Protein chains: 2
Amino acid sequence: MAMGRPRAFDVDEALDKALSVFWEKGYEGASLSELTSAMGIKPPSLYAAFGNKEGLFRRALDRYEEVKGGLMDEALAAPGVRQAMEQLLCHAASLQCEKGAPHGCMLVTAGLAGGEESSAIRDELARRRQASCTRIRKRFERAKKEGDLPGDTNPAALARYVTAVMNGISVQAAGGATKKELQQVAEMALKVLPV
Amino acid sequence: MAMGRPRAFDVDEALDKALSVFWEKGYEGASLSELTSAMGIKPPSLYAAFGNKEGLFRRALDRYEEVKGGLMDEALAAPGVRQAMEQLLCHAASLQCEKGAPHGCMLVTAGLAGGEESSAIRDELARRRQASCTRIRKRFERAKKEGDLPGDTNPAALARYVTAVMNGISVQAAGGATKKELQQVAEMALKVLPV
DNA sequence: ATGGTTTTTTAGTTCCCACTACATAAACAT
DNA sequence: ATGTTTATGTAGTGGGAACTAAAAAACCAT
């Protein structure tokens, strides 16, 4: 059987370009012409490879979380829960207002409100934020079991609090806050930890 | 001189309807046909009264802040800074996931990322979030002066922290968090206060 | 080389967006 | 009543959105 014409672009490179656009403009704000021109391909190639705009976004999101999720695991892997949270929040604060990348976490900025037609995307973003919160909660549960946190600690509530601070840092980063300001926020937030 | 045909709709009522739509769908996600049909008027009436979509949004935003700003003043007016922050955060937590209104603060949800053509709106939203942060800072400065906070307190940093928590609460509310969960977040956040 | 398979290119499609020209209607001043 | 002014309803405008039909191109197997 014949193999057909080979793809002329690299899927992962194209996804990275798409990711940049979606990250900066959000799901609804990114137009197909911006996406295709950033990716260096024409619409039919995009549709053949990714289905539609929504499919492309989900793939770009996967790629985003591959990277960011790795950093999160790294932070959570710190030996003590205090250091883990320090890393988590401080890295978030500095990564989210770096030059060269859009400010704020994409899971927050890419779509909180929007038209009916993109509600599935908003749900997906909320689901992934929730998943990230769950990972933090698991880290707190482990710490509690290991005696790294007092027995009366509520891991779920503490995880939601840390998540809220990170989300808040994203909002402020998107609004133009400086790295120093966000690091102060992270520092204050850590005072809640009973460690 | 003649007075002309009187307006057949109430501007404030129309703004409230527009506000609902913008709050739920964001600036870009709200279409003119949704807006006009919610407001019960036809496009020419809208343009005559408010200029364009951007003008309408700004007026709706003014109305939003009239209400929410009042509640904020009320909270900040509490005698002690601790009570002030308790009210601020707890009210935010419960108001932001009420049935009958969109979840999350509109200043956060209506637009964090988007196309070039709506960048002025995003700047405006960021400016207003910043203004709200400044009011909190002023309250901390007063508390410091009154001896309600220790002398080594950094009012600006503390205000940004509280703002970040509120913004994070908005993100979680938009994502479907429950009132109880958000109130736990508020409660934990308050532990940072040295009072 | 030829046929089969898949991708790319070109050039559109339809639809909905924000916005408006124009004629009509409703008020007041004279 | 008539003219002036402003608001309204009808019916559109041009433009950009997401998406695609069809032909040409690039590969492999025989």
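Owing to the predicted nature of the structure, the values given are computational and were not obtained by experimental measurement.
- When the side-chain nitrogen and oxygen atoms of R5(A) are compared with OP1 and OP2 of dA25(D), none of them lie within a distance under 4.0 Å.
- The only member of K138(A), K144(A), R137(A) that meets side chain to side chain donor-acceptor pair (under 3.5 Å) when paired with E141(A) is R137(A).
- Other residues, nucleotides and ligands contribute only 12 or fewer heavy atoms inside 6.0 Å of the NZ atom of K17(A).
- Between the CG atom of L35(B) and the C1' atom of dC17(C) there is a distance of 12 Å, given to the nearest Å.
- Under the 4.5 Å side-chain criterion, counting only non-hydrogen atoms from C-beta, Q183(B) is not in contact with E187(B).
- OP1 and OP2 of dG16(D) both lie 4.0 Å or more from every side-chain N or O belonging to S33(A).
- Rounded to an integer number of Å, the gap from E54(A) CD to dC19(D) C1' is 14 Å.
- Relative orientation of the Y27(B) and F57(B) rings is perpendicular, given thresholds of 30° and 60° on the angle between their planes.
- In this entry the distance linking CE of M3(A) with P of dG3(C) reads 21 Å, nearest Å.
- As a whole-Å value, the separation of R7(B) CZ from dT8(D) P is 7 Å.
- Rounded to an integer number of Å, the gap from CZ of F57(A) to C1' of dA17(D) is 18 Å.
- Closest non-hydrogen pair, E181(A) versus T178(A), comes out as OE1-N, 3.0 Å.
- Between K53(B) and dA18(C) there is a side-chain polar atom (N or O) within less than 4.0 angstrom of OP1 or OP2.
- Residue S45(A) has a polar side-chain atom (N or O) positioned under 4.0 Å from OP1 or OP2 of dT8(C).
- Backbone-only contact: A8(B) has heavy atoms under 4.0 Å from sugar-phosphate atoms and none from a base.
- Residue Y47(A) has no polar side-chain atom (N or O) positioned under 4.0 Å from OP1 or OP2 of dT20(D).
- As rounded to whole Å, 20 Å separates atom P of dA25(D) from atom CZ of F9(A).
- One interatomic measurement links the two molecules: CE of M39(A) to C1' of dT8(C), which rounds to 14 Å at whole-angstrom precision.
- Taking atom CG of L32(B) as the reference point, atom C1' of dC15(C) lies 16 Å away to the nearest angstrom.
- In this structure, P6(B) reaches the sugar-phosphate backbone alone: every heavy-atom distance under 4.0 Å involves primed, P, OP1 or OP2 atoms, never a base.
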